Novice: 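To start, I am sharing the structure in question, which I have written as structure tokens.
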Amino acid sequence: MQGWRVHGLLTPFADLDRVYELQRVVGFVRDLGCPQVALQFPDQLLGDAGIVAARLEETTGSKMFILGDTAYGSCCVDVLGAEQAGAQALVHFGPACLSPPARPLPVAFVFGQRSVALELCAKAFKAQNPDPTAPVVLLSEPACAHALEALATLLRPRYLDLLVSSPALPLPEGSLNPEPEPLERFGRRFPLAPGRCLEEYGAFYVGGSGTSSNSDLDPDLSRLLLGWAPERPFSSCCPDTGQTHDEGARAGRLRARRHYLVERARDARVVGLLVGTLGVARHREALAHLRNLTRAAGKHSYVLALGRPTPPKLANFPEVDVFVLLACPLGALALQPSGSFFQPILSPCELEAACNPAWPSLGLAPHLTHYADLLPGSPFHVPLPPPESELWDTPDVSLITGELRSLSAWKPSNDAGCSALTPRPQLDLVESSPAASFLSSRSWQGLQPHLGQTPVTGAVSGRRGIAIAYEDEGNS
């Protein structure tokens, strides 16, 4: 049995303790004293799930449940799945968005420990940053975060203004927050000195595979490139080979696509709001905010709960002009580079920029990947202007169609004589939606049951055989 478990492992058996930090996980389970613990693995690590669960059960004596079929994204904590399994705690393996869960549950995050060639990365850093006085932040993918301090130790004798980021892991209950509290952004903590801001720093990212084609699909790197100050340098380094890339061109493409998506959202009449999470905090409040936002801009919105979005699913709604994915920061960016969808998929921040006339221009506004930053209580929240504000009357020209746009559809009429409707009993007032209008214009509108209108007939035998030679056709 032990040999069957080891067979097919994605990680060498001798490296399991180090990669999955089993000693730390054992201490986490023993400190809580949980009889049942859920283990959440992404699809790419499920090959190791069996042996890891067996090792933890043998060491801790607790029952382990493997969660490997998350409904939306594996980067989010599957609180609902853990509750269904009756687990009192959860251990999340692999990349994580670190979004706060909708329900309180003790969670331990294990990113894995990817090997980092420190000497090669230090040499690449010096080649990319020849000025020892320039402020630079060390960033990394989650699996390489363990090596950033060691890399900073090699660089600090020469570089005077070096900042090391760390994953924004949830603090244990009852722990005191450090003073001053570090800045939290992009799922990381930045211990900035008093009076300093993150926009002053360039970035050096350790992670990726060293090939630009694969990095385009990395939502974590896309989040950093979109949110980083455009005027500051940003470079990435492969932790295995030390190969570096200047990410300025890729960041420019991402920002250009963001401008395009905002223009598409401004032109849209029907917006599909995709429910992309049920386990992240404040998702209901964010959904209500997006519905109010589209209503204020004179657009129609439909809420769609389809699980993980795929092109065949969204192709069933051709009347929808754009889709907005309400998901965690990584989930909202994971689908954007794909060109297989019939209509584009936006993030909530792009919809906010398109529908809120008080939102700063794209060159000045930050790109927020977490929908919680758009809600009241966030320092980035921009309330909608009142209906009488002149911002709603500002004309705008579409950069895609060249037509004149206006957001004044939400403003009520100021004429008291026109504000009331005289009821007429002989007329029925029917509210028509764009979806209903689109359906009525289609030549095929689906199967009609016609209950009671079809005469009853006896069943007859159908044709037998295969399509190229039915039995009643004979030889041809």
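The residues of the chain are indexed from 1 along the displayed sequence. Please read all numbers here as calculations on a predicted model, not as lab measurements.
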Novice: For a quick test of reading the model, state the closest non-hydrogen atom pair linking P376 to R282 and the distance between them.
Specialist: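 For P376 and R282, the tightest heavy-atom pair comes out as O-NH2, 3.3 Å.
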
Novice: Side chains of R189 and P167: closer than 4.5 Å at any heavy-atom pair?
Specialist: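 Not touching, per the 4.5 Å side-chain cut-off.
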
Novice: Using 0.5 Å steps for rounding, measure from the OG atom of S398 to the CZ atom of R264.
Specialist: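 So the OG of S398 and the CZ of R264 are separated by 9.5 Å.
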
Novice: Could you check L314 against L306 for side chain to side chain contact (heavy atoms under 4.5 Å, CB included), going step by step and ending with a plain yes or no?
Specialist: CA-CA 9 Å; L314 301 189; L306 306 174; 3.6 Å; yes

Novice: Taking atom CD of Q343 and atom CG of D321, what is their separation to the nearest 0.5 Å?
Specialist: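 Here the interatomic distance stands at 6.0 Å.
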
Novice: Where is the tightest heavy-atom contact between H381 and L374, given as atom of each residue plus distance?
Specialist: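 Smallest heavy-atom distance, with atoms named: ND1-O, 2.8 Å.
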
Novice: With distance as the sole test, does S74 use its side chain to make a donor-acceptor pair with the main-chain N or O of P42 at under 3.5 Å?
Specialist: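 Answer holds: no.
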
Novice: Take atom CD in Q453; do more than 12 heavy atoms of anything else shown fall under 6.0 Å from it?
Specialist: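 Enclosed: over 12 neighbouring heavy atoms sit under 6.0 Å from CD of Q453.
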
Novice: Mind listing the closest non-hydrogen atom pair of P35 and Q88 along with its distance?
Specialist: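 Taking every non-hydrogen atom into account, CD-OE1, 3.3 Å.
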
Novice: Just to verify, what does H92 make a ring pair (Phe, Tyr, Trp, His ring centres under 6.0 Å) with, not counting sequence neighbours?
Specialist: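 H92 satisfies ring pair (Phe, Tyr, Trp, His ring centres under 6.0 Å) with F109 only.
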
Novice: Closest heavy-atom contact between L98 and F111?
Specialist: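 Where L98 meets F111 most closely, the heavy atoms are CD2-CZ, 4.1 Å.
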
Novice: Is there a donor-acceptor pair closer than 3.5 Å between any side-chain N or O of Q36 and the backbone N or O of C34?
Specialist: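 Side chain of Q36 to backbone of C34: no pair is present.
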
Novice: Taking L293's backbone N and O only, do any of them form a donor-acceptor pair with R295's side chain (distance below 3.5 Å, no angle check)?
Specialist: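 No, R295 side chain to L293 backbone: no donor-acceptor pair under 3.5 Å.
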
Novice: Closest approach of L261 and I345, non-hydrogen atoms and distance?
Specialist: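 So the minimum-distance heavy-atom pair works out to CD1-O, 4.1 Å.
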
Novice: Please test S222 against L254 for side chain to side chain contact (heavy atoms under 4.5 Å, CB included), starting from the C-alpha separation and ending with a verdict.
Specialist: CA-CA 8 Å; S222 299; L254 291 174; 4.1 Å; yes

Novice: Which pairs, with at least one residue in residues 87-100 and sequence neighbours excluded, count as a salt bridge (Lys or Arg N to Asp or Glu O under 4.0 Å)?
Specialist: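 As it turns out, there is no salt bridge (Lys or Arg N to Asp or Glu O under 4.0 Å) pair with a partner in residues 87-100 once direct neighbours are skipped.
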
Novice: Test the R308-Y72 pair against the cation-pi criterion, namely NZ or CZ under 6.0 angstrom from the six-membered ring centroid and within 45° of the ring axis.
Specialist: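 No; the conditions do not both hold, so R308 does not lie above the ring face of Y72.
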
Novice: Between E141 and R114 (salt bridge meaning N to carboxylate O under 4.0 Å), is one present in this structure?
Specialist: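 The answer is yes: the pair qualifies as a salt bridge.
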
Novice: Once rounded to the nearest 0.5 Å, what's the spacing between atom CD of E352 and atom CG of L384?
Specialist: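 It comes to 6.5 Å.
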
Novice: Looking at R464, I want to see if its CZ is surrounded by more than 12 non-hydrogen atoms of other residues, nucleotides or ligands under 6.0 Å.
Specialist: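 Counting other residues, nucleotides and ligands, CZ of R464 stays at 12 neighbours or fewer.
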
Novice: Decide yes or no on side chain to side chain contact (heavy atoms under 4.5 Å, CB included) for F317 and L304, but give the supporting numbers first.
Specialist: CA-CA 10 Å; F317 306 95; L304 306 174; 3.9 Å; yes

Novice: In Å, rounded to the nearest 0.5 Å, how long is the span from CD of Q40 to CZ of F65?
Specialist: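 That separation rounds to 15.0 Å.
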
Novice: Give, for atom CG of L45 and atom CZ of F93, the distance between the pair rounded to the nearest 0.5 Å.
Specialist: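 If we round to the nearest 0.5 Å, L45:CG and F93:CZ are 9.0 Å apart.
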
Novice: Please lay out, stage by stage, how V79 and R103 fare under the test side chain to side chain contact (heavy atoms under 4.5 Å, CB included).
Specialist: CA-CA 7 Å; V79 180; R103 303 179 187 179; 3.9 Å; yes

Novice: Does some side-chain heavy atom of R258 sit less than 4.5 Å from a side-chain heavy atom of E350?
Specialist: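 They are in side-chain contact.
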
Novice: Quick one: does V324's side chain get under 4.5 Å of L274's, heavy atoms only?
Specialist: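 Of all side-chain heavy-atom pairs linking L274 with V324, none is under 4.5 Å.
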
Novice: Please check if the side chain of K63 supplies one atom and the backbone of E57 the other of a donor-acceptor pair under 3.5 Å.
Specialist: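 Not a single qualifying donor-acceptor pair exists.
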
Novice: Side chains of R291 and H289: does their closest heavy-atom pair fall under 4.5 Å?
Specialist: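 The answer is no, as the side chains (C-beta and beyond) never meet within the 4.5 Å cut-off.
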
Novice: Do F323 and V271 have side-chain heavy atoms sitting under 4.5 Å apart?
Specialist: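 They are not in side-chain contact.
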
Novice: Under 3.5 Å, side chain of D78 to main-chain N/O of G81, donor-acceptor pair present?
Specialist: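 Side chain of D78 to backbone of G81: a pair is present.
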
Novice: Quick one: CG on D267 to CG on L399, what's the gap to the nearest 0.5 Å?
Specialist: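 Interatomic distance, D267 CG to L399 CG, rounded to 0.5 Å: 8.5 Å.
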
Novice: Donor-acceptor pair, distance only, cut-off 3.5 Å: does the side chain of R257 make one with the backbone of G252?
Specialist: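 Side chain of R257 to backbone of G252, a donor-acceptor pair under 3.5 Å: no, none is there.
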
Novice: Counting C-beta onward and ignoring hydrogens, is there a side-chain heavy-atom pair between S347 and L325 closer than 4.5 Å?
Specialist: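 Sidechains of L325 and S347: no contact.
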
Novice: Is the closest side-chain heavy-atom distance between L287 and Y371 below 4.5 Å?
Specialist: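 No, their side chains stay 4.5 Å or more apart.
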
Novice: Considering all heavy atoms of both residues, which atom of A265 and which atom of A354 are nearest to each other, and what is their separation?
Specialist: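 Of all heavy-atom pairs spanning A265 and A354, the closest is CB-CB, 3.5 Å.
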
Novice: Would you confirm whether R18, through its side chain, and Q113, through its main-chain N or O, come within 3.5 Å as a donor-acceptor pair?
Specialist: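 Yes: the side chain of R18 pairs with the backbone of Q113.
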
Novice: Any side-chain heavy atom of P142 within less than 4.5 Å of one from D220?
Specialist: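 They are in side-chain contact.
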
Novice: With sequence neighbours left out, what residues match D17 under salt bridge (Lys or Arg N to Asp or Glu O under 4.0 Å)?
Specialist: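 For D17, the residues satisfying salt bridge (Lys or Arg N to Asp or Glu O under 4.0 Å) (neighbours in sequence not counted) are R55.
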
